[in-house]
Amino acid sequence: MKYHIEFDIDFRRNPYNGSFIALEGIDGSGKSTQAQLLKEALEKKNRKVVVKNPFEGEIGAFVRTILAGEKRVSAISLQYLISANRAAQQEEIIKDLKDGCDVIIDRYFWSAVAYAILDHPSIDKKDMKQWLLIGQSILSHYHQFLLPDMTFFLDISSRTATKRLDSMEKEKEIYEEESKIKKIEKIYEWLVGEFPKEFVTVNGEQPIEKVTQELLMHISSCKKN
Ligand code: ADP
């Protein structure tokens, strides 16, 4: 049986004093590096800054075991776990913003959309209508979530990402294989094209300090900073 359902997904604007900044991009694009550098730079301007990492808390710890390949669950279960984790994290973010802290988050709901498309068992690589439907179903998990004041997309090629990840001394996660990075690169490209108003794209191939400068320039144009 099929039902036709149409609904709006609402996000809430950030009404608090703190700025809410999200960093998106493929693995190795520099999100965690930049989150730390932005924190230091904003603290020099006397802002209080909190960095939120993608998988904190109890559910997050479980998600990390899946990403590390130690535990296996279906793609859909992983998506729900990630959403549940973000729902718990959302309360902390709101508290920090209310306290006047700036919150920088490494990955937010756009990551969930990108990885859900990647993981969909029967996705047609060329059928963008299908991609959009999967995107909408994932975004519905984030109904009433706070929209960042700015979402940066750190744009790097999958080649650069693979080189950077290969030179890091850490075990690779399940999404850090070259073939998956190539697919996720295409999905982000599509997302940024499909929802252009939601992203500020920054060239992540530039030297680290140049990327930070560019991010700071955009952030300072945001009223609160
Ligand atoms: P992400 O959090 O997006 O996965 P990281 O911040 O962990 O990426 O960066 C991955 C690797 O790439 C790290 O070794 C980091 O030092 C390096 N790196 C980050 N940004 C740059 C850059 N702009 N140029 C060169 N190397 C970078």
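Values below: all heavy atoms of this structure, side chains included; hydrogens, waters and symmetry mates excluded. As the structure lists them, so they are numbered: ligands from 1, and atoms in each ligand from 1. In this chain, residues are counted from 1 in sequence order.
From the protein, the heavy atom lying nearest to atom 23 (N) of ligand 1 is Gln206 O, 2.8 Å. In terms of protein heavy-atom proximity, atom 3 (O) of ligand 1 is nearest to Lys31 NZ, 2.7 Å. From the protein, the heavy atom lying nearest to atom 7 (O) of ligand 1 is Ser32 OG, 3.1 Å. Of the protein's non-hydrogen atoms, Met168 SD, 3.7 Å is the one closest to atom 11 (C) of ligand 1. When hydrogens are left out, the protein atom nearest atom 6 (O) of ligand 1 is Thr33 OG1, 2.5 Å; that is the closest non-hydrogen contact.
For Trp110 and Phe153, the ring centers sit 6.0 Å or farther from each other.
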If you apply the rule salt bridge (charged side-chain N to carboxylate O under 4.0 Å, His left out), what do you find for Arg107 with Asp27, and how did you get there?
CA-CA 10 Å; Arg107 295 192 179 281; Asp27 280 320; 3.1 Å; yes
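Of the charged side-chain nitrogens involved, at least one lies within less than 4.0 Å of a carboxylate oxygen, so that Lys39 and Glu43 count as a salt-bridged pair.
Ligand 1 has an N or O atom lying under 3.5 Å from an N or O atom of Gly30, backbone or side chain. The shortest N/O to N/O separation between Gly28 and ligand 1 falls below 3.5 Å. Checking only distances, Gln34 never comes within under 3.5 Å of ligand 1, N or O to N or O. The N/O atoms of Asp106, backbone and side chain alike, include none that comes under 3.5 Å of an N/O atom in ligand 1.
Under a 4.0 Å criterion applied to the non-hydrogen atoms of Gly204, ligand 1 contributes the atoms 23 (N).
Following chains of ILVMFWY side-chain contacts shorter than 4.5 Å, one cannot reach Ile104 starting from Leu37, and the two form parts of different hydrophobic clusters.
Using cut-offs of 30° and 60° for the angle between ring planes, the Phe109 and Tyr142 rings count as tilted. Relative ring orientation between Tyr115 and Tyr175 is described as perpendicular, the plane-to-plane angle rising above 60° on a 0-90° scale split at 30° and 60°. Note: Tyr108 and Phe20 have perpendicular aromatic rings, judged against thresholds of 30 and 60 degrees for the angle between ring planes.
Between atom NZ of residue Lys186 and atom CG of residue Leu118 there is a gap of 13.0 Å, rounded to the nearest 0.5 Å.
The option with the heavy atom closest to atom 22 (C) of ligand 1, from among Arg107, Glu205, Arg164, is Arg164.
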